[in-house]
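This report refers to the structure that appears directly beneath it.
Worth saying up front: this structure is predicted, and the values here are computed from it rather than measured.
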Amino acid sequence: MSSIELQQPTATGSNKNGDHESQSQMLSPGHKRGATLTGLMIAGWGWLTNLIVYLIEEFNVKSIDATQISNVVNGSINLIPIIGAVLADSFLGSFHVVSISSFFSLLGIIALTLTATLSHLRPQHCGTGSTLCHAPSKLQLAVLYTGIALASIGLGVVRFTLASLGANQFDSPEDQGVFFNWFFFIFYSACVVSSLGIVYVEDSISWGLGFGMCAAFNFLGLVIFFLGSRFYRHDKPQGSPYTSLARVIVAAIRKRNVLVSSESKYYYHEINDGANKAIAATPKRSFRFLNRAALITEGDISSDGSIAKPWNISSVQQVEDLKTLIRILPLWASTVFLATPIVIQTNMTILQALAMDRHLGPNFKIPAGSITVVVLISSAIFIALFDQFLYSTWQSLTGRSLTPLQRIGAGHVFNILSMAISALVESKRLNVAHDNHLQDQQGGAAAAVVPMLALWLFPQLIVVGMGEAFHFPGNVSFYYQEFPVSMKSTATSMISIVIGVAFYVSTAVVDLIRNVTGWLPDDINDGRLDNVYWTFVVLGLLNYGYFLLCAKFYKYQNLEQEAEATTQI
């Protein structure tokens with residue numbers, strides 16, 4: 001369990017007469033966290049967004065191979081937060097985890113800066129049209145991957161641990177929901193700045209200068225974070241909640257032959273259970289096998305009321321916590337298959353941009369790595385619009401707030417629509433490529449440029465951003481609301497884990513497509529990327545049906561939300 005130590009007055013929730021006071025309190029330490037998030041995200045996104053281009057142009061990596069490396073890196077970045085969450089919830093607390101991970105990020109970006117500035121740390125440049133490209137040496141790869149690994153650890157851990165630290169400042173689910181909306185607005189806005197400004201510097205001026213700017217922003221964000229530490233409400237971890245969940249399973253197995261009772265007096269309730277929300281007098285009937293873990297049998301409890309055999313009995317609340325996680329798993333799985341097409345689309349869009357006319361006027365050329373900034377801009381704009389207009393309008397018309405699952409469901413719809421648009425645009429691009437006989441005419445590691453403006457990619461990216469504005473904050477709010485109190489850092493990292501798994505799934509899917517079909521050759525002008533997109537339209541529809549089924553039978557564990565659960569879809 002985690003208790004909260006209040007070091008400074010903070011928001012304590014909203015009420016009918018105190019909304020303005022709550023909002024003003026919400027902003028005091030929030031400015032420091034917002035500045036920290038801005039600095040760290042500008043730094044992290046500056047190297048991550050342009051990684052594919054950096055690998056292709058500076059390390060002579062083949063295009064599809066570069067996307068696969070990017071998938072592994074992004075997958076790791078999004079799975080690492082669970083480690084940070086465990087450390088924050090169980091041992092160190094969110095503040096120390098953010099501090100350490102930010103320092104790792106700084107070291108990693110410095111290493112990447114060295115690969116870009118020291119010529120002996122990267123292979124000889126492979127010129128346009130050249131067929132003799134030198135592969136990087138073991139030393140060059142070692143420095144590159146060390147930098148990527150350290151920067152990935154820092155970027156992966158800090159994002160959602162910082163979200164948890166921020167949400168811990170508020171007590172009301174409504175205030176926490178508002179915080180998450182603005183957290184992601186700042187997140188996307190910082191990524192937009194990085195994708196436009198720093199990526200342009202990397203492509204047009206110098207990779208070394210661009211990475212150096214990333215290091216400077218990382219350092220600045222870390223300094224601001226330390227300066228604001230005295231304003232924060234710090235969490236004090238008191239042991240691992242994951243151990244208690246494991247004890248429930250062990251105790252239930254050991255008591256598998258004990259009859260389940262319906263009377264409260266036969267079950268164990270921890271003394272501090274009263275501090276948690278919605279604790280049942282007896283375990284709920286769902287997953288009744290686990291209820292045996294809370295049944296009191298001979299020798300389980302000492303004479304003073306304490307537990308004599310920790311691995312033989314659990315409290316009712318611990319049993320219900322595990323049940324909650326089990327109920328969430330089907331919905332979590334649907335989100336993995338929501339994120340997988342987006343991951344593939346993002347990487348393939350960069351390859352498409354490299355093979356399209358990216359000029360805006362005679363003198364400006366859009367960096368390929370910046371093309372996905374359209375998603376970030378779209379997400380930031382629509383998060384703000386939805387928060388200010390859509391959600392309030394919905395509440396005034398229906399008398400209830402839009403539930404997290406409704407928002408996630410809307411994200412599914414926009415994702416399917418974006419895949420269909422992507423398929424149509426790619427079909428047109430391939431027709432132009434074939435009309436100009438540009439198949440098998442690679443320049444270096446990238447495909448030949450098709451005389452078609454990269455602006456054609458914008459509609460699909462805008463729709464993706466609209467979908468993310470629904471499902472990204474919706475998922476984080478859902479997990480934070482539904483997870484056990486002792487696992488709030490884990491809750492905010494769940495969406496990151498989803499994305500991480502999606503990156504690894506996408507890597508496997510791309511490998512499968514390459515081995516089974518001819519849709520994804522090294523030269524995408526000679527492939528059928530449009531068929532890949534159409535495949536994900538079909539899979540997206542199937543996944544959406546699965547999500548609707550799971551959402552229909554899910555009941556919110558927060559009693560304040562259960563009245564709304566019947567209308568969640």
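Taking each heavy atom of G46 and I198 in turn, the nearest pair found is CA-CG2, 3.9 Å. In plain terms, the two heavy atoms of R358 and A368 that are nearest each other are NH1-N, 3.2 Å. Here the closest non-hydrogen pair linking N525 and A355 is OD1-CB, 4.1 Å. Taking each heavy atom of Y200 and L196 in turn, the nearest pair found is CB-O, 3.1 Å. Annotation for P136 and L141: closest pair CG-CD2, 3.5 Å, computed over non-hydrogen atoms. Shown here for A380 and F185, the closest heavy-atom pair between the two residues is O-CD1, 3.2 Å.
When each of N347, I344, V532 is tested with V510 by the rule side-chain contact (heavy atoms from CB on, under 4.5 Å), just one qualifies, namely I344.
Atom OG1 of T372 and atom CD1 of I52 lie 8.5 Å apart (nearest 0.5 Å). Rounding to the nearest 0.5 angstrom, the gap separating the CG atom in N436 from the CG atom in N431 is 11.0 Å. Within the model, atoms CD1 of I499 and OG1 of T335 stand 10.0 Å from one another, a figure rounded to the nearest 0.5 Å. Note: C214 SG to L106 CG = 11.0 Å, rounded to the nearest 0.5 Å. Once rounded to the nearest 0.5 Å, the distance linking CD of Q345 with CD of Q352 reads 8.5 Å. Atom OG of residue S70 and atom CD1 of residue I56 lie 10.0 Å apart, to the nearest 0.5 angstrom.
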Exercise for review: Just do the side-chain contact (heavy atoms from CB on, under 4.5 Å) check on Y504 and N71 with the steps written out, would you?
Suggested key: CA-CA 7 Å; Y504 285 111; N71 282 342; over 6 Å; no
Exercise for review: Would you check, one step at a time, whether the test side-chain contact (heavy atoms from CB on, under 4.5 Å) holds for V509 with F536?
Suggested key: CA-CA 11 Å; V509 169; F536 281 113; 3.8 Å; yes
Practice item. For I513 and T535, run side-chain contact (heavy atoms from CB on, under 4.5 Å): C-alpha distance rounded to whole Å, both residues' side-chain angles, the deciding distance at 0.1 Å, then the answer. Key: CA-CA 11 Å; I513 292 174; T535 300; over 6 Å; no
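In this structure the side chain of M41 reaches within 4.5 angstrom of the side chain of V158, judged on heavy atoms. Between I100 and F103, every side-chain heavy-atom pair lies at or beyond the 4.5 Å cut-off. V98 places a side-chain heavy atom less than 4.5 Å from the side chain of S102. You'll find the side chain of R528 reaches within 4.5 Å of the side chain of L430, heavy atoms only. When side chains are defined from C-beta on, S418 counts as touching N415, because their heavy atoms get closer than 4.5 Å. Contact annotation: the side chain of I524 never approaches that of M348 to less than 4.5 Å [non-hydrogen atoms, C-beta and beyond]. A 4.5 Å side-chain heavy-atom check between N543 and L539 finds every atom pair outside the cut-off. Taking 4.5 Å as the limit, every side-chain heavy atom of F217 sits out of range of all side-chain heavy atoms of W45.
Between F483 and Y479, the ring planes lie perpendicular to each other; the angle is over 60°, past the 30° to 60° tilted range.
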Show me the donor-acceptor pairs within less than 3.5 Å that the side chains of residues 448-475 make with the rest of the protein, sequence neighbours left out.
unit_1, atom_1, unit_2, atom_2, d
Q460, NE2, S422, OG, 3.4
E468, OE1, Y188, OH, 2.7
N475, ND2, H471, O, 2.8

Can you give the donor-acceptor pairs under 3.5 Å from side chains of residues 142-157 to other protein atoms, not counting sequence neighbours?
unit_1, atom_1, unit_2, atom_2, d
T146, OG1, A142, O, 2.7
S152, OG, I148, O, 2.5

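Under the 3.5 Å distance criterion, the side-chain polar atoms of S379 are matched with a main-chain donor or acceptor of V375. At distances below 3.5 Å, not a single donor-acceptor pair connects side-chain atoms of S194 with backbone N or O atoms of A190. Listed for the S195 side chain is no donor-acceptor partner under 3.5 Å among the backbone atoms of V192.
Looking only at atom types and distance, the side chain of Y544 has no donor-acceptor partner in the side chain of S334 under 3.5 Å away.
In this structure, the side chain to side chain contact (heavy atoms under 4.5 Å, CB included) partners of I497, at least two apart in sequence or on a different chain, are L79, I82, W332, S493, M494, V501. Applying the side chain to side chain contact (heavy atoms under 4.5 Å, CB included) rule to A420 yields the partners W534, V537; only residues at least two apart in sequence or on another chain are considered.
Sorted by first and then second residue, the pairs that involve residues 510-521 and meet side-chain hydrogen bond (donor to acceptor under 3.5 Å, both in side chains), not counting sequence neighbours, are Q68-D511. For residues 47-73, the pairs satisfying ring-ring contact (aromatic ring centres under 6.0 Å, His included) are Y54-F59, Y54-W207, Y54-F211, with sequence neighbours left out.
Environment of CZ in F104: sparse, with no more than 12 heavy atoms of neighbouring residues, nucleotides or ligands closer than 6.0 Å.
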